[in-house]
Amino acid sequence: MAAFLEFPARLAGLAMRPLPAAALRPLLELGLALVARRHPHLIDRLKALGPAKVIIEPADLPHRFLLGLAEDGVRLTLATPEDEAVAIVRGSLASLIDLMEGRIDGDTLFFNRALTVTGDTTIIVALRNIFDGADLDLVADVLSFLGPFARPAGRAIAALDDFAKRVEREIKAFHDAQHGRDVEAEQDRLKSDVADLKARLARLESRRPGAGSPA
Amino acid sequence: MRPLPYLELVCPAGTPAAFKAAIESGADTVYCGFRDETNARNFPGLNFDRREMGDAIALAHRHERKVLIAINTFPKAGHPGPWRQAIDQAAELGADAVILADIGLLDYAKRTHPDLRLHLSVQAAASNADAIAFYRDRFGVKRVVLPRVLTVDEIGQLTRAVGIETEVFAFGGLCVMAEGRCALSSYLTGTSPNSQGACAPASHVRYDEEGDQLVSRLGGVTINSFSKSEPAGYPTPCKGRFTADGQTSYLFEDPVSLNTLDILPALKAAGVTALKIEGRQRGKAYVTQVVSTFRAAIDAIAQGIGTNAPAAAALRAISEGGRETTGAYKKSWR
């Protein structure tokens with residue numbers, strides 16, 4: 001399941017949005033348990049970072065998550081307004097998932113302002129590096145729960161993902177075809193503006209005292 | 001045995017996953033470091049323990065690629081133990097070379113492991129023929145990583161004069177041009193890349209959102225302030241935006257990445273042996289994208305086809321500050 005699957009991330013976002021906290025809590029526990037089962041080394045390295053709590057804040061979800069790191073375990077729960085953390089990381093759910101799976105470089109997200117970090121930067125950098133090195137594949141990890149059905153379920157999700165990407169490409173092509181003329185017109189307008197500005201600059205230069213006089 | 005590459009592509013790996021990505025993306029050689037202060041990317045969560053390093057070397061050798069281990073910080077006075085141990089481990093694990101900067105460590109490596117190939121780190125800041133000849137003659141250094149202060153013509157002259165392999169930076173973050181001697185970070189944090197292996201260590205960095213601005217601080221000192229739509233840069237003192245004489249500007253260096261894709265044939269003509277991609281602190285996605293782009297470009301040039309302009313443009317998106325430069329290679333200032 002190494003392919004880049006956008007659909008599951010979107011689906012997760014859509015599913016989590018309306019879910020009440022009570023329903024989300026056991027799902028988070030199960031998800032973390034499944035990841036822990038397939039990546040014990042990751043969990044060991046996360047435990048070594050504790051004791052610390054980090055808030056993960058997907059900008060496009062109504063929920064915030066609290067990642068608790070301690071010697072006796074790693075916990076992922078919903079954050080309450082009273083929760084205190086040493087650091088907060090904020091970005092879109094898709095960016096955060098990409099980051100966890102190492103599909104996107106954390107510095108690139110930061111340079112592009114798609115990720116914000118406040119608080120203890122050490123723990124965020126450590127988390128970023130540990131996750132990046134873990135070769136995590138959340139879809140495969142979650143599907144592992146299905147045992148022998150994991151492979152057909154994975155194929156079905158990949159097919160859905162492929163379909164969703166094709167639809168998106170078609171929509172983009174349609175959009176570009178509709179707006180192509182506008183872009184060309186805008187380019188022409190900008191070229192004309194630049195030409196005007198150059199002409200004005202030349203006029204101003206010629207009016208400058210001493211301009212045109214021999215040195 | 002792999003044929004000698006047109007230009008050897010030397011790629012960074014901060015984690016085993018990035019190492020694998022570098023190999024899969026076409027690196028000829030991968031460089032990495034142990035998880036301690038013996039290398040200049042001593043960042044939290046990064047680098048290799050002894051077992052991971054052994055596994056990485058085995059993986060590379062199965063694919064007939066090489067591994068260089070960077071032990072390129074300067075030992076604490078009177079306490080060279082961890083650095084010497086790192087050299088011993090690199091030799092035991094079968095590293096193809098170690099990248100060293102300190103004269104004492106070069107001496108130790110030459111005496112203790114006479115068969116271990118030695119490369120001179122950029123941190124040694126050897127930028128003239130006499131300096132490089134000293135390292136070559138005294139310690140048997142086989143390759144020098146040149147500081148990013150030289151033009152392509154100067155690299156050509158130097159390469160011909162010193163008679164050993166030269167490696168130049170090809171892509172990634174730029175340092176202010178005093179590598180191995182820059183103590184800017186020390187003034188604000190008490191630590192420097194030269195001694196502790198981290199410039200602007202994360203423990204001293206804070207980001208605060210103040211209104212519409214993202215403010216970065218290092219050791220309590222404001223380094224930069226970015227508006228909402230502005231690409232951000234690293235919070236290193238050299239990339240700070242400071243106010244002097246009433247004007248706010250990048251006093252030392254702009255946040256911008258080096259990119260040499262356009263001048264690869266010129267570097268080859270100058271006699272350069274290897275191209276180094278900077279970025280052991282970057283993720284495996286960065287490694288995959290940069291390494292595969294350079295692999296394709298080098299192969300295309302070697303076959304006389306030319307570079308892939310769209311792929312080159314795509315690298316801008318992962319560059320610091322969203323901008324690129326050829327740096328000193330094409331410098332017009334003096």
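Chain identifiers are assigned alphabetically (A, B, ...) following the order of the sequence lines, protein sequences preceding nucleic acid strands; residue numbering begins at 1 within each chain.
Of the listed residues (T116(A), I123(A), T108(A)), the greatest number of heavy-atom pairs within a distance under 4.5 Å of chain B belongs to T108(A). Each of P255(B), A18(B), P201(B), G233(B) has some count of heavy-atom pairs under 4.5 Å with chain A, and the biggest count is that of G233(B). Note: V117(A) leads N112(A), V117(A), I104(A), T118(A) in heavy-atom pairs under 4.5 Å with chain B. The candidate from A285(B), G279(B), P44(B), A17(B) with the greatest count of non-hydrogen atom pairs under 4.5 Å with chain A is P44(B). The candidate with the highest count of non-hydrogen atom pairs below 4.5 Å against chain A, out of G14(B), A232(B), S229(B), P16(B), is A232(B). The candidate from H204(B), K228(B), E209(B) with the greatest count of non-hydrogen atom pairs under 4.5 Å with chain A is K228(B).
The distance between the ring centers of Y234(B) and F111(A) falls below 6.0 angstrom.
Salt-bridge check for K47(A) with E71(A): failed, with every basic side-chain N at 4.0 Å or more from each acidic carboxylate O. A salt bridge does not link D132(A) with R282(B): every distance from a Lys NZ or Arg NE/NH1/NH2 to an Asp or Glu carboxylate oxygen is 4.0 Å or more.
Between the side chains of N194(B) and Q123(B), at least one donor N or O sits under 3.5 Å from an acceptor N or O. Judged purely by distance below 3.5 Å, without hydrogens or angles, the side chains of E324(B) and S319(B) pair a donor atom with an acceptor atom.
Contacts between K20(B) and chain A at a heavy-atom distance below 4.5 Å involve the side chain alone, from C-beta outward. There is no contact between T288(B) and chain A, counting heavy-atom distances below 4.5 Å. Contacts of P231(B) with chain A are made by both backbone and side-chain atoms, with heavy-atom separations under 4.5 Å. Residue S227(B) touches chain A through its backbone alone, counting heavy-atom pairs closer than 4.5 Å.
Between R113(A) and F226(B) the shortest side-chain heavy-atom distance falls below 4.5 Å.
Cation-pi geometry between K276(B) and Y31(B) is satisfied (NZ or CZ under 6.0 Å from the ring centre, within 45° of the ring normal).
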